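Everything numeric here is computed off the predicted structure, so don't read it as measured data. Residue numbers begin at 1 in each chain, while the letters A, B, ... track the order of the sequences.
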Amino acid sequence: MKTEITLTINGEAVQEAVTPRTSLADLLRDNLRLTGTHLGCEMGSCGACLVMLDGAPVHACLVLAVQASGHTVKTVEGLNESGEIADLQQNFYERNALQCGFCTSGMMMSAQALLAANPGPTRDEIRDALSGNYCRCTGYEAIIDAISATAAQRMTNAGEAQ
Amino acid sequence: MTSEKAHIGQSYRRESALRHLSGRGQFVTDLALPRMLHAAFVRSPMARGKIVELGVDDAAGSPGVVRVFTAETLNGKCEPWIGTLDHFANMQSSTQNMLADGEVLWVGHPVVMIVAHSRAEAEDACELVMMDIEDDMAVVDGNAALMADSPLASSGISSNMCFQTVLETPDLESAFAQAAHVVEGNFNFGRHTAVTLEPRAIIADFDRSTGQLNVHHGTQTPYQFQDVYARHFGLSEGKVRVIAPDVGGSFGMKLHVYNEEMATVAASLTIGRPVRFVADRLESFVSDIHARDHRVSARMALDADGTIVAMDVDDMTQIGAFSTYPRTSVAEGNQVIRLMGAPYRMPDYRGRLSVVFQNKVQTSQYRAVGHPIACAVTEALVEYAAEKLELDPFEIRQRNLIADDAYPHTSATGYQFEKLSHQASLEKLRALMRYDTLRDEQATLRKQGVYRGIGIATFVEITNPGATFYGVGGARISAQDGAVVRLTPAGDVHCAISVTEQGQGTETIIAQVVADQLGVTPDKVKVVTGDTDTTPSGGATWACRGAGIGGETALRAGRKLQAQILTLAGEILQADPTHLKLANGAVVDATTGNERITLAEIGRIATYRPDTLPNGCDNSLTAAQHFAPSGYPFDFTNGVQASYVEVDIETGITRLLKHWVVEDCGRIINPLLVDEQIRGGVVQGLGPAFFEECLYDDIGQMTNATLAEYLVPMAGEMPDIEIAHIETPTLDTILGAKGVGEAGTAAAGAAAMNAVNDALRPLGARISQTPMTPLRILKALGHV
Amino acid sequence: MKSPAFEYMRAESIAAAMTAYAEADGDAVYLSGGHSVVPSLALRLQAPALMVDLSEIPTLSGISLEGEWLRIGAMTRHVQAITDPLINKYAPLFSAAAPYVAHPAIRNRGTLGGSLAHADPASEFPAVAVAIRTELEIASPTGIRRVPADEFFLDIYETAIAPGEILQAIYIPVPVAGQVIGFDEIARRRGDYAMVGAAVQAVMTDSIVTDMSISLFSVGDRPTRAASAEVALQGRVIDNASIADAQAALSDDLSPTDDPQFPAHMRVLLARVLLGRVLSNLKVVA
Ligand SMILES: Cc1cc2nc3c(=O)[nH]c(=O)nc-3n(C[C@H](O)[C@H](O)[C@H](O)COP(=O)(O)OP(=O)(O)OC[C@H]3O[C@@H](n4cnc5c(N)ncnc54)[C@H](O)[C@@H]3O)c2cc1C
Ligand code: FES
Ligand code: FES
């Protein structure tokens with residue numbers, strides 16, 4: 001039996017009928033074709049599926065779509081279009097902080113949340129914030145560099161704005 | 001004016017990264033085709049058994065199920081395969097087919113295939129399959145497998161020995177007899193696996209109306225699979241198209257033939273609809289190839305001044321129930337025994353290899369095939385020798401490395417080195433890591449009860465293999481690559497090439513190489529890869545051949561097109577083509593550099609106004625070129641790595657503080673991408689050195705087959721990695737590039753093991769098993 | 001790794017949740033953060049007919065000071081143990097432990113109530129709950145009761161919560177003068193479940209231990225009070241000698257299971273090392 005859900009995804013109101021067992025990740029990927037959210041383990045261990053739920057990163061593989069009803073979800077597609085991670089994206093690009101790209105949207109979700117809570121993280125704090133994000137390709141260092149560079153730029157810009 | 005080598009050597013960024021960063025990756029797992037069905041497999045719960053009965057009626061009636069296949073109903077569609085090659089003398093392996101037929105041979109062996117409207121429904125039906133399997137004695141341990149009374153790992157083999165070989169120089173025995181010093185060790189290298197973040201994925205789409213099979217396959221080798229599907233399913237090659245779009249990591253794991261992929265193709269051929277199979281993470285652990293799993297006993301003979309005179313090595317490696325197809329599971333061991341001692345002048349050598357069957361997942365080629373084992377054993381013995389002779393680790397290596405001016409050189413195992421730079425690399429490493437300062441810091445901290453260790457490891461890496469690698473053994477694995485480069489009507493450049501992209505930056509470096517030949521910027525060169533219908537045939541990406549062989553192919557194709565353009569321009573301009581060249585998107589005067597005609601104008605004339613060309617003038621602006629390496633059978637690269645590690649001697653927990661790499665991959669096409677290949681590779685070497693291991697119990701059950709329990713290296717545990725280069729181009733090609741993809745993985749674990757042992761040395765402890773877990777370190781210390 | 005099919009009900013009140021549970025004849029599972037339940041569904045380790053979602057029940061949320069007790073609603077997310085000022089002040093051992101629990105995104109979603117109800121013996125929060133003598137408030141169809149943490153954890157994944165009952169809130173006695181805490185664990189990688197962990201709370205009067213509570217995790221079938229080690233420290237100054245006695249006493253407190261990958265004696269060894277480190281780094285909180 002399918003259940004009707006309504007939620008806001010990337011700023012758009014979405015209405016869908018899903019089976020209760022459908023994960024938020026499967027809803028996004030299969031029903032809505034928001035395939036920028038990836039699945040690497042389906043049990044919370046890899047971070048490929050991170051999305052923003054009510055503003056905080058969560059594992060879309062561990063949230064049921066029905067649980068997200070009435071809530072607000074942002075995926076990489078939404079963050080991309082809104083421009084809010086443009087600097088992070090630019091730094092990932094410049095620093096080549098991705099190879100296959102499968103981990104990338106999850107990495108950016110973690111980075112975005114970290115920088116909101118801690119605008120000037122140390123390298124070690126960045127590594128800690130990524131403790132749930134697996135990347136097989138890069139060896140992580142470039143990702144740390146890219147996040148670190150974004151933090152520095154945001155601090156400078158915030159300083160100038162004041 | 002742009003110089004001739006304007007773009008090769010620069011750190012261009014990857015355009016495809018922009019797609020991924022905005023959520024626009026196109027992975028096989030993202031693809032949904034009309035009327036697509038989903039496959040799931042019922043797998044053997046035991047390591048060895050006889051299938052007594054399969055009950056699939058309930059599963060067939062389960063909601064959403066379209067078809068249920070067993071060996072009886074599916075295997076007939078596919079010509080079985082055997083994972084042997086002729087150049088591995090007397091090797092054996094049982095015949096394989098898609099679904100287990102009569103016997104199950106490892107935990108995870110697919111027995112029943114369910115095809116349903118959704119993966120969830122397919123999994124529901126899997127739970128309804130009744131499997132009656134009679135438990136047989138499993139072959140679990142490789143040494144036990146070789147005992148006379150051992151059961152066999154499968155019914156199609158005469159013994160559990162898959163392959164055996166010995167390499168020996170004539171003076172080996174006397175070298176040991178006369179040696180002033182002999183050091184020795186027994187080593188255990190755990191079994192681990194690739195854990196690409198995107199699991200294996202395939203969508204097979206057979207259209208009955210035309211007889212066309214399209215396979216969207218997350219692989220690094222589309223042509224190899226086109227050939228495999230055509231031959232094993234009796235299709236003509238022209239009716240098989242393999243498309244490898246974005247691939248979420250591969251590292252060698254995605255170029256082997258797997259039961260599930262073959263079954264997915266067979267199911268689509270049977271049903272006439274697209275069928276999708278994506279391994280979930282649990283399936284990955286019990287069906288992706290595993291790697292390594294070696295037990296090595298080795299000794300090294302040295303004369304009184306610390307000169308290495310010989311090594312004697314015995315490697316027993318355990319490969320599962322079958323040798324993989326089409327590359328075998330023997331290549332790894334074969335490379336282990338051939339790479340031993342490779343950086344050193346060492347004149348004498350014996351290497352013995354036993355490749356053994358057992359009832360576990362198959363092992364096969366994974367990034368840096370054989371290198372980490374050979375490197376760790378060699379470098380550990382060098383370290384033991386240094387300790388015994390009271391020589392500094394740098395000193396003993398300096399005394400033994402092949403001198404930079406002593407090339408060409410042939411190793412005791414028969415490898416031919418064109419030109420390497422061990423000495424320069426070692427010297428550069430010493431400065432890079434500030435070795436002396438680090439030793440002081442180590443000594444100071446040790447007084448405070450902090451145990452840090454420094455380990456170094458030199459290595460050679462096999463890259464750019466020629467046809468002697470697989471082709472001579474009868475494998476239909478292309479040793480050449482092909483490119484088609486064309487000038488578009490608007491004067492842009494399009495390059496279709498057989499090498500493939502998995503995020504290394506293949507497309508970017510190909511664009512750089514082509515751009516330099518045609519006097520344009522790389523952003524003007526569109527590179528297309530990964531589709532057998534739209535790119536020329538070739539070997540694609542494995543064994544570090546993308547840059548070296550693919551790059552050379554692109555270079556030659558680019559030069560061919562350059563000549564065509566100049567000839568045409570000569571006709572148009574009524575000028576001597578030898579007085580013209582390409583630069584800045586135009587044909588220019590070769591001496592003054594003055595622009596004569598733009599590429600756009602040439603494209604326009606050749607395409608829309610060929611009537612204005614002189615009579616009989618060829619207006620072709622497309623060049624095709626294939627290239628197979630000749631000259632040396634491989635282009636070897638070399639380098640040296642260092643690792644700085646802290647060991648908590650009370651808990652056995654290790655902390656990786658820093659890692660350094662000096663690497664010589666010949667001509668560097670793109671420094672940024674080369675460094676990131678090395679960093680990723682290093683972490684893939686450090687993972688198995690400290691964390692990664694496929695653990696099995698004594699009845700052949702893998703006990704940590706989830707991503708929660710199999711420990712991959714994560715950001716918090718990995719060090720920053722500093723990199724420097726020496727550039728010794730190969731003279732075998734115009735481009736001069738060698739490979740770099742496996743260099744990081746080759747020696748990282750070896751350096752780390754030496755570092756841990758350096759930390760433990762004052763306590764009289766030594767570890768020679770990977771991963772170096774807290775338990776093993778505490779055991780080495782005698783604490784548990 | 002797709003979950004088996006089930007029905008879903010989002011409960012608006014505790015009563016409604018319990019009714020739904022009862023009507024499913026016990027073939028139901030409560031869902032809070034879902035970060036233990038959902039993976040176990042994906043692994044098909046369980047297949048309930050009904051999932052009853054507790055996460056939007058208003059009375060399960062909220063953190064407030066009630067006299068000498070801090071009340072933490074069961075639905076409080078792990079992350080709030082790090083960010084909430086009341087928890088920081090009145091339950092600092094929860095705050096100290098939280099960064100060790102899983103990874104940031106999991107802490108955004110996992111709940112304190114879910115962690116305690118799940119009662120994984122390798123979990124941090126249950127051990128903290130025991131160390132700081134919390135009381136767990138459980139709602140049942142017949143009423144509400146409070147169970148001391150010492151009596152709450154019964155076995156691996158087993159608590160005093162009977163089928164159908166709901167953990168409502170966690171009550172924490174506010175710190176007393178002289179209170180010190182310590183928390184640490186030994187894990188392979190950051191965020192992993194600990195190989196061994198220790199949560200300690202003590203009261204020091206003129207540098208003398210007047211109250212000591214040591215709760216170890218990942219050492220047995222539930223959070224384990226190290227009673228003998230506590231006795232070894234009682235009435236003493238914390239110094240090398242008393243720490244050594246406490247470490248020695250641990251062999252009486254622990255009898256972990258043996259595993260080829262993790263032998264029992266290694267676990268005891270690590271527990272000793274860890275206890276020594278935690279006792280040497282106690283932090284004054286009140
Ligand atoms: C990758 C990963 C890593 C993790 N690492 C750690 C770690 O290092 N340390 C750690 O402690 N935990 C770890 N966890 C577990 C995580 O903290 C869980 O979220 C938590 O233990 C359970 O909380 P929950 O709210 O998600 O509970 P749920 O999963 O919703 O529920 C867990 C169980 O408790 C029951 N339950 C939940 N709430 C109530 C209630 N109010 N009343 C009665 N019964 C209830 C449910 O029916 C279920 O049986 C990890 C989880 C993941 C996925
Ligand atoms: S897919 Fe969700 S964490 Fe791996
Ligand atoms: S870039 Fe491939 S997993 Fe991170």
Q: Can you say whether Leu64(A) sits under 4.5 Å from chain C via the side chain, the backbone, both, or neither, judging by heavy atoms?
A: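 Contact with chain C involves the side chain of Leu64(A) alone.
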
Q: I'd like to know whether Leu31(C) forms a side chain to side chain contact (heavy atoms under 4.5 Å, CB included) with Gln67(A), so could you lay out the CA-CA distance, the side-chain angles of the two residues, the decisive distance to 0.1 Å, and finally the verdict.
A: CA-CA 10 Å; Leu31(C) 176 65; Gln67(A) 286 181 288; 3.5 Å; yes

Q: If every non-hydrogen atom of Ala105(C) is compared with every non-hydrogen atom of Leu50(A), which pair is closest and at what distance?
A: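 For Ala105(C) and Leu50(A), the tightest heavy-atom pair comes out as CB-CD2, 3.5 Å.
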
Q: Which bit of Leu130(A) is near chain C, if near means a heavy-atom gap under 4.5 Å: side chain, backbone, both or neither?
A: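 Neither the backbone nor the side chain of Leu130(A) comes within 4.5 Å of chain C.
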
Q: Return the SG to NE2 distance between Cys46(A) and His103(C), rounded to the nearest 0.5 Å.
A: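 Reported value, rounded in 0.5 Å steps: 10.0 Å.
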
Q: Counting only non-hydrogen atoms closer than 4.5 Å, does Leu41(C) touch chain A with its backbone (N, CA, C, O), its side chain (CB onward), both, or neither?
A: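 Interface part for Leu41(C): neither.
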
Q: Non-hydrogen atoms of chain A under 4.5 Å away: do they reach the side chain of Ala42(C), the backbone, both or neither?
A: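 Only the side chain of Ala42(C) comes within 4.5 Å of chain A.
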
Q: Heavy-atom pairs under 4.5 Å with chain A are the metric here; pick the option from Ala102(C), Ser40(C), Pro104(C), Gly191(C) that has the most.
A: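 Ranked by heavy-atom pairs under 4.5 Å with chain A, first place is Pro104(C).
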
Q: Answer with side chain, backbone, both or neither: which region of Pro4(C) has an atom nearer than 4.5 Å to a non-hydrogen atom of chain A?
A: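 Only the backbone of Pro4(C) comes within 4.5 Å of chain A.
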
Q: Chain A contacts: which residues in residues 8-21 of chain C have a non-hydrogen atom closer than 4.5 Å to it?
A: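 Within residues 8-21 of chain C, the residues under 4.5 Å from chain A are Tyr8(C), Arg10(C).
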
Q: Against chain C, work out which of Arg127(A), Glu42(A), Met43(A) has the most heavy-atom pairs shorter than 4.5 Å and name it.
A: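 Option with the greatest count: Glu42(A).
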
Q: So, Arg190(C) and Asp124(A), do they make that salt bridge, N to O below 4.0 Å?
A: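 The answer is yes: the pair qualifies as a salt bridge.
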
Q: Is any side-chain heavy atom of Arg109(C) closer than 4.5 Å to one of Leu62(A)?
A: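 No, their side chains stay 4.5 Å or more apart.
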
Q: Among Ser69(A), Cys61(A), Ala117(A), Ser45(A), which has the most heavy-atom pairs under 4.5 Å with chain C?
A: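 Looking at each option in turn, the highest pair count goes to Ser69(A).
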
Q: Picking from Arg107(C), Glu7(C), Lys2(C), Met51(C), which has the most non-hydrogen pairs under 4.5 angstrom with chain A?
A: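 If we count pairs closer than 4.5 Å to chain A, Lys2(C) comes out on top.
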
Q: Identify which part of Glu56(C) has an atom lying under 4.5 Å from any heavy atom of chain A, answering side chain, backbone, both or neither.
A: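 Side chain only.
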
Q: Quick check on the structure: residues of residues 5-36 of chain A within a heavy-atom distance below 4.5 Å of chain C, by number.
A: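 Under the 4.5 Å heavy-atom cut-off, Pro20(A), Arg21(A), Asp26(A) qualify.
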
Q: Out of curiosity, Asn108(C) CG to Leu53(A) CG, how far, rounded to the nearest 0.5 Å?
A: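 Rounded to the nearest 0.5 Å, the CG-CG separation comes to 9.0 Å.
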
Q: Please determine, among Val63(A), Val58(A), Val66(A), the option with the most heavy-atom pairs under 4.5 Å with chain C.
A: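 Max contact count across the listed options: Val66(A).
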
